[in-house]
Every structure is written in C-alpha cells, then in structure tokens.
Amino acid sequence: MADVVPKDSRNTLFEAPLRSIGYAINGYLHYKFGPLIKMGAINDAATKSLAESIEEKTKDLKEEDVDRKKLGLSIKAIDEAGYQLDNETLRNMFANLITKSINKHQNSDSSPLMVSVLTSLSPEAAEFLNSWHNQFPQNVSTFSQIELEQMKNGTSNGSSLLVQNIIILSDLKVYQNEYVIDELRQLGIFDLAKDNKLTHSMWEEQYAVVEKIASTQFSNLQTADQKVVAKYGSLSLSPFGRAFVRILLD
C-alpha cells in the first residue's frame, strides 16, 4: 500500500521533537486535500488558514507537554475536517480540537466523540453556539415557546405550538430557529428544560419580551374558546456540551 503521508511530515508528527508540528500538519493537510483543492471541492485558502492557525497555536508547545497518545485523535480531526473548512467558526473549532488534543494540559476532555459531533455540526449551528456562549458565559439562557391553548369551561383542554425554540439574547433581540436549536440538542450539546423557568431577576426582561410577542402578535387568536400563552423554560449546556465548548471555543 502506498504511503499517503509525506515522510518528512510523518516523522515530524510522530518523532521528537514536535516543535515543527505546525509545519507537519500543513504538509499533511495539503497532501491529503490537494486533489480535492484542484477539483475545487475544498478551498485552498481555507486549508492554508487552518494550517497557519494550528502552527500559531502550537508554536510554544514544549516537548514535555505533548501527549503522544492523542496524536491519533488530532489526525482523525484533520481527516474529518475536509468540507467544513470554508466556515471560519468551524475552522477555528477544528484548529482548537487538533491542537488541544495533543496538549496534555488541555486534553483531559477531548475524545473521538468530539470529532464526530464537530463533523456533524452545520455552520449555522456552530456560529450560533459560538455567539450564544460569548453572550452567556455562564452557559445558561432563557428558552421559551408560545402555545395556543384550547379552553373548555375555563380550563385548558389541550394546546398546539405557535412558535417554538425562542431564545432571547443578551441584547433582548429574538433568536428563533427551531432547526439549529434541535440540532444542538440532538448532538448532545444543549439541554432543554421546557418547564424550568429561571427565577433570578436578571432573566425577567428576556421573559417579558416573549410575553409581549404572545400578547401582541397573536392577539387575533384570543377568543373565549382559546388563548395564547407563553411557556417559559431554560437552555443550558449538557455535561458533554460544557467539555465541547471548553475544548473548541474557549
């Protein structure tokens, strides 16, 4: 079988010293993705940007700080990065995973599962996760839905969703994208608590925004037989999500 990794890059990756690991990854990236770059399937500039980022993040990495047991995890991340490189946020997340996985002081939480989840992450979900994490460094925020309740004799007789997955950002702007929130939940990054209203006063403004939407935008649906109600919950990172963010975004 042909040796698919250039000898000088392979030696730099797996033999001491590793001070040239950025150069080695650069060579590996271009050898692996070269044919796809020529076909136009992968952006050459994005590939170079990833390699440069990795080299910058590893330039001060000392030999004694390198965890050789997780070099394979970094290589797996490179192998899977391919079609995700055009998006800057995803590219930076791959660079962090690749470099932190080989740093024994930063890699306690890195795992093959992170590679799989990152590979499955859409650009829209990656960008929202990054923005959400920056706005809510405590990694919790409000989560709300608006429902139409059917009434019978003054009591609820079932309900249907009008708007779901409402996130009120720190500037009180409304973010509503059911697919992105569901994607992050299904990938195990987000935990949703639909009936767990956050009680601290700092969240009152966020919930008030949802209440206003429910009372003004759907006023035509309010009748004696039905009413529009806001349902308040919370959104937070799962245990895996906290590790994922710590490795890939912090």
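The basis for the numbers below is simple: all heavy atoms, side chains too, and nothing from hydrogens, waters or symmetry mates.
Contact of the F94 side chain with the T119 side chain is registered, since non-hydrogen atoms from C-beta on lie closer than 4.5 Å. Residues D67 and I102 are not in side-chain contact: their nearest non-hydrogen atoms beyond the backbone lie 4.5 Å or more apart. The shortest side-chain heavy-atom distance between F240 and V117 falls under the 4.5 Å cut-off. Residues L90 and L85 form no side-chain contact, since every pair of their non-hydrogen atoms from C-beta on lies 4.5 Å or further apart. A 4.5 Å side-chain heavy-atom check between R91 and S49 finds at least one atom pair inside the cut-off. Contact of the N92 side chain with the K57 side chain is registered, since non-hydrogen atoms from C-beta on lie closer than 4.5 Å. Using a 4.5 Å cut-off on side-chain heavy atoms (C-beta onward), L121 and M93 make contact. Looking only at side-chain heavy atoms (C-beta outward), L249 and N96 stay at 4.5 Å or farther from each other.
Taking the side-chain hydrogen bond (donor to acceptor under 3.5 Å, both in side chains) definition, one finds that T142 meets it with nothing, sequence neighbours left out. A search for salt bridge (Lys or Arg N to Asp or Glu O under 4.0 Å) contacts involving D65 returns nothing, not counting sequence neighbours. Q84 pairs by the side-chain hydrogen bond (donor to acceptor under 3.5 Å, both in side chains) definition with nothing, not counting sequence neighbours. In this structure, the side-chain hydrogen bond (donor to acceptor under 3.5 Å, both in side chains) partners of S170, at least two apart in sequence or on a different chain, are Q135. With sequence neighbours excluded, the residues forming a side chain to side chain contact (heavy atoms under 4.5 Å, CB included) with Y175 are F128, I167, L169, N177, V180, I181, listed by chain and number. Residues forming a side-chain hydrogen bond (donor to acceptor under 3.5 Å, both in side chains) with K227 (at least two apart in sequence, or on another chain): none. For E127, there are no salt bridge (Lys or Arg N to Asp or Glu O under 4.0 Å) partners two or more places apart in sequence or in a different chain.
For the atom pair S131 OG and H133 NE2, the distance stands at 11.0 Å (nearest 0.5 Å). Taken from CG in D225 to CD in Q222, the straight-line distance is 12.0 Å, to the nearest 0.5 Å. Separating the CG atom in N103 from the CD1 atom in I247 is a distance of 9.5 Å, to the nearest 0.5 Å. Interatomic distance, L162 CG to I146 CD1, rounded to the nearest 0.5 Å: 7.0 Å.
Within 6.0 Å of CD on E205 lie no more than 12 heavy atoms contributed by other residues, nucleotides or ligands. By the 6.0 Å contact criterion, CD on E88 is open, its count of non-hydrogen atoms from other residues, nucleotides or ligands being 12 or less.
Shown here for T58 and I54, the closest heavy-atom pair between the two residues is OG1-O, 2.8 Å. Listed here is the closest heavy atom pair of I98 and A77: CG1-CB, 3.6 Å. Across all non-hydrogen atoms, the minimal contact from N107 to S101 is ND2-O, 2.9 Å.
Applying the ring-ring contact (aromatic ring centres under 6.0 Å, His included) test to every pair with at least one member in residues 104-127, sequence neighbours left out, gives no pairs at all. Among residue pairs with one or both ends in residues 139-149, those qualifying as salt bridge (Lys or Arg N to Asp or Glu O under 4.0 Å) are E149-K231; sequence neighbours excluded. The salt bridge (Lys or Arg N to Asp or Glu O under 4.0 Å) pairs that include a residue from residues 101-125 are D109-R246, where partners are two or more places apart or lie in different chains. Residue pairs meeting the salt bridge (Lys or Arg N to Asp or Glu O under 4.0 Å) criterion with at least one partner in residues 130-144, sequence neighbours excluded, do not occur; the list is empty.
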For residues 187-204, which side-chain donor-acceptor pairs fall under 3.5 Å, sequence neighbours excluded?
unit_1: N196; atom_1: ND2; unit_2: S234; atom_2: OG; d: 3.3
unit_1: H200; atom_1: ND1; unit_2: M202; atom_2: N; d: 3.0

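In the hydrophobic clustering of this structure, F218 groups with V174; members are Ile, Leu, Val, Met, Phe, Trp, Tyr whose side-chain heavy atoms approach within less than 4.5 Å, directly or through other members.
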L184 vs W132, test: side-chain contact (heavy atoms from CB on, under 4.5 Å). Steps then yes/no. CA-CA 12 Å; L184 290 166; W132 181 86; over 6 Å; no
